[in-house]
Amino acid sequence: MSSEKPTIPAASNFIRGIIDRDLAQGTNASRHWAGSPGDATHQATGAPDPAKIRTRFPPEPNGYLHIGHAKSICLNFGLARDYAGVCHLRFDDTNPEKEEQEYVDSIIEMVKWLGFGWDAFGKSHLYYASNYFDFMYRAAEALINAGLAFVDQQSADEMRITRGTLTEAGKNSPWRDRSIVENLQLFHEMREGKHADGSMVLRAKIDMASPNINMRDPAIYRIKRAHHHNTGDTWCIYPMYTYAHPVEDALEQITHSICTLEFEDQRPFYDWVLERLAEPPTEAVGANKQALLAHPLPKQYEFARLNLTYVVLSKRKLIQLVEDKHVSGWDDPRLPTLAGARRRGYTPEGFRMFADRIGVSKADSWIEYTILEDCMREVLNEASERRIAVLDPIKLVIDNYTDNKTEDCFAPNHPQKPELGKRVVPLTKELWIEREDFEETPPKGFFRLVPDGMVRLRYGYVVKCTSFEKDAAGKVTTVHCEYLPDTKSGTPGADAIKVKGNIHWVSAQHAYAAEVRLYDRLFKEAHPGSGDNDFLDDLNPNSVKLITAQLEPSLKGAKPAETFQFERHGYFVADRKDSVADKPVFNRTVTLRDAWQK
RNA sequence: UGGGGAGUCGCCAAGUUGGUUAAGGCACUGGGUUUUGAUCCCAGCAUCCGAAGGUUCGAGUCCUUCCUCCUCAGCCA
């Protein structure tokens, strides 16, 4: 992207340390870039790569992005941004059975939403692994020619058995010593569709006794007659991730290939593939003497994936939540999917702040969910105008106030930003106030309305409670009070009478009733499904509460996705899907912090 | 039990080639500002770096042993 410096210097982490070192030593300085991905011959025709580093975010388009992906996205795109490099968005679509265009579209949308792009140096860097199938096939032939791969006709079960165990070496496949010619022939037949799915695979020939199971002749191509979202029915054989990924990185001239910890064991094979393909073919092969890939080769680095308390991020569990209808869909505001978070009112800035705040390391860790919430509060506090909403209304009648009188009160749109101006909130004799702002028998430390007590109606007058009414069930329905005429906010002497409590209100005559959804965390346990619990048992039964609130009139015009702070409550967003003109529906994004615990 | 990783304050996380009193953030605790019990501001918060030994004038950083946790046996990614 550009060479602009980040406003706040990014925290040091081990990956930045590696990049700093590489840059200082010129590790990747000799790379050429021909303007598009390609093999050594292709790249050699290009100029020295203008990108100091290349990273990539390589999702498989088989599901929706979630908060864990946001960490990786911020990391990879952030690194590219900070180091005058480029981050490629690459779809790792090597398994047609699971992948769909719908996911591709959704992923593109969410990465953009997070604030990142892949246009740099005059090019778009949006790629598909499936566009490299030709090269991967050619590279596989090269491995066969070099005696480094063979076609195995063992069944999947046989392969599993002969692979050995964690502590015992595996056994060579009986097909391991076929001739190069025969391997080539069979591999071509695989591609031509002459063999059934599962009847054979191409395997790398490495070492069945390797202590690293991933080096025991891993499969690199399988036969799979499936329609591919990008290549259609062109292929009936598809490369495996372990083989495809290093090739993809190399073709794209990736310098730092960053993935999560579980791929550490895979790194030796990643390097094995690249090193073999960077070697010039032996004379026995003839034809092309040029190595397929050129040095310097991409390097893989691993970091710890995100674990968040009160959240599940595993694909399997998310699918279950959606399919079993525990949530309303992939964009349910309670879900940790980015689509859900966006609907909830979480912001891209908040996610980027979160990513910066949690850092990057190799230590397994659990991030407290409140860190994410705090980040959202921090950006929302800055960005959101204040409004008044009474979520659980009871009547407050000012008995000594003139009937039918309407008086203007002035409420600032943002207490720290006077330039945002004020709006008029009408005051009348009958108001709605919050049920929890009145207590007949107040707990210790309560300083809101109590019988005979005084409180300020925010932006209005100080009132004194005179009486209250209850219904048959004993619930308070109406509170009566008298106002003190000389105490109106903004008038001289308004502060003559000091009160500690300050409550919000809306005029019953002017307010309007609207649907508000109070979201809470989806799970009630910090570690859903820990021990031998079913994670579904840890679902929070009160993760959403639909209410009808009394809102100040100006809220009627809220646009979908517009955020507000409802004073003394929290941050709310007009639902991007369900809001209609003049009738927005609000989602609670996150509450305000509350030092007052009862 | 084989291989690969990780263990620094309640939660994260910096700690170059060993060198003054172990960054920072979040949380927490005090105090201040405030017509949101919000925000903001100030202050405090690890004699200690998984444990035990050792090397050294000096170790979170080097060596040895041990402990704990994560991860790998898909023709998934």
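Letters A, B, ... mirror the listed sequences (proteins, then strands); counts begin at 1.
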Does B:U39 have OP1 or OP2 sitting under 4.0 Å from an N or O in the side chain of A:Arg593?
yes
Any side-chain N or O of A:Arg222 less than 4.0 Å from the OP1 or OP2 oxygen of B:A77?
yes
So if I take every side-chain heavy atom of A:Thr165 and compare against B:C75, B:A73, B:G3, which nucleotide ends up nearest?
B:A73
Applying side chain to side chain contact (heavy atoms under 4.5 Å, CB included), name anything that partners A:Ser554, two or more places apart in sequence or on another chain.
A:Arg387, A:Arg423, A:Glu552
For RNA chain B, report each stem as range with range, ordered by first number, or say none. Use Watson-Crick or G-U wobble pairs under 3.5 Å, at least 3 in a row.
B:2-7 with B:67-72, B:10-12 with B:24-26, B:28-32 with B:40-44, B:50-54 with B:62-66
Interface residues of residues 241-250 of chain A with RNA chain B (non-hydrogen, below 4.0 angstrom):
A:Tyr241
The criterion is side chain to side chain contact (heavy atoms under 4.5 Å, CB included); which residues satisfy it with A:Asp197, sequence neighbours excluded?
A:Ile223, A:Arg225
P atom, B:C40 versus B:U36: distance in rounded Å?
14 Å
Name the nucleic acid region contacted by A:Phe263, choosing base, sugar-phosphate or nothing; use a 4.0 angstrom heavy-atom cut-off, strictly under.
base
Please state the P separation for the pair B:U8 and B:A51 - nearest whole angstrom.
10 Å
Contact check, residues 410-425 of chain A vs RNA chain B, heavy-atom distance under 4.0 Å, returns A:Pro415, A:Gln416
Against the side chain of A:Trp596, the closest entry in B:G37, B:C72, B:G5 is B:G37
Plane angle bin for A:Tyr346 and A:Tyr369 - parallel if under 30°, tilted between 30 and 60°, otherwise perpendicular:
tilted
Using side chain to side chain contact (heavy atoms under 4.5 Å, CB included) as the criterion, list what pairs up with A:Pro239, not counting sequence neighbours.
A:Thr94, A:Phe133, A:Met136, A:Tyr221, A:Tyr243, A:Ala244
Presence of A:Arg163 side-chain N/O under 4.0 Å of B:C75 phosphate oxygens OP1/OP2:
yes
Give the rounded distance in Å between these two atoms: CD of A:Glu97 and C1' of B:G74.
12 Å
Rounded to whole angstroms, how far apart are NZ on A:Lys315 and C1' on B:A77?
8 Å
Test of ring centre spacing under 6.0 Å for A:Tyr64 and A:Tyr103:
yes
Quiz question: going by heavy-atom distance under 3.5 Å, is there a donor-acceptor pair between the base of B:U36 and the side chain of A:Gln565?
yes
Distances for protein N/O vs nucleotides 9-12 of chain B N/O pairs under 3.5 angstrom?
from  : atom 1 : to       : atom 2 : distance (Å)
B:C11 : O4'    : A:Glu368 : OE2    : 2.8
B:C11 : O3'    : A:Trp366 : O      : 3.2
B:C11 : O2'    : A:Trp366 : O      : 3.0
B:C12 : OP1    : A:Trp366 : N      : 2.9
B:C12 : OP1    : A:Trp366 : O      : 3.4
B:C12 : O5'    : A:Trp366 : O      : 3.3
B:C12 : O2'    : A:Ile358 : O      : 2.8

Just checking, is any N or O donor in the side chain of A:Glu252 or A:Tyr132 under 3.5 Å from an acceptor N or O on the other one?
yes
Which is more 5' along RNA chain B, the nucleotide nearest A:Arg267 or the one nearest A:Asp495? Just name the residue.
A:Arg267
Pick the C1' atom in B:A22 and in B:A59, then give their distance to the nearest Å.
12 Å
Could you verify whether a donor N or O on one side chain and an acceptor N or O on the other, from A:Ser130 and A:Thr231, lie under 3.5 Å apart?
no
Salt bridge present between A:Glu378 and A:Arg357 (N-O < 4.0 angstrom):
yes
Going by modelled atom types, is there a donor-acceptor pair between the base of B:U39 and the side chain of A:Arg377 at under 3.5 Å?
no
With respect to the side chain of A:Ser12, which nucleotide from B:G74, B:G15, B:C72 is positioned closest?
B:G15
Modelled atom types, side-chain donor and acceptor of A:Glu567 and A:His504, under 3.5 Å:
no
Counting distance alone, no hydrogens or angles: does the base of B:G37 have a donor or acceptor under 3.5 Å from a partner atom on the side chain of A:Asp594?
no
Round to the nearest Å and state the distance from A:Lys98 atom NZ to B:A77 atom P.
7 Å
A:Lys362 side chain N/O closer than 4.0 Å to the phosphate oxygens (OP1, OP2) of B:G4?
no
For A:Val455, all residues meeting side chain to side chain contact (heavy atoms under 4.5 Å, CB included), sequence neighbours excluded:
A:Leu449, A:Val463, A:Ile503
Suppose you measure atom P in B:A27 against the same atom in B:C11; what distance do you get, rounded to whole Å?
15 Å
Give the table of side-chain donor-acceptor pairs shorter than 3.5 Å for residues 492-502 of chain A, with sequence neighbours excluded, one pair per line with atom names and distance.
none

What is the distance, rounded to the nearest whole Å, between atom CZ of A:Arg386 and atom C1' of B:A38?
8 Å
So, OP1 or OP2 of B:G37: does either fall under 4.0 Å of a side-chain N or O from A:Arg448?
no
Distance, C1' atom - from B:G5 to B:C42, rounded to whole angstrom
43 Å
Qualifying residues under ring pair (Phe, Tyr, Trp, His ring centres under 6.0 Å), relative to A:Phe438, sequence neighbours excluded
A:Phe468
Give me the distance, rounded to whole Å, that separates B:A77 from B:C72 when you measure between the C1' atoms they each carry.
15 Å
Applying side chain to side chain donor-acceptor pair (under 3.5 Å) to A:Thr242 and not counting sequence neighbours gives none
With rounding to whole Å, what would you report as the distance between B:C9 and B:U29 at their C1' atoms?
15 Å
May I ask you to establish whether A:Arg458 and A:Trp505 are in a cation-pi arrangement, using a distance under 6.0 Å from NZ or CZ to the six-membered ring centre and at most 45° from the ring axis?
no
If the condition is ring pair (Phe, Tyr, Trp, His ring centres under 6.0 Å), which residues does A:Tyr241 pass it with, not counting sequence neighbours?
A:His245, A:Phe263
A:Asn212 side chain: which of B:G3, B:C75, B:G37 is closest?
B:G3
Write down the distance separating the P atoms in B:G4 and B:G60, rounded off to the nearest Å.
28 Å
Indicate, with yes or no, if the rings of A:Tyr483 and A:Tyr461 have centres closer together than 6.0 Å.
yes
Contacts of A:His569 and A:Ser199 projected onto RNA chain B by closest heavy atom; the upstream (5') one is A:His569
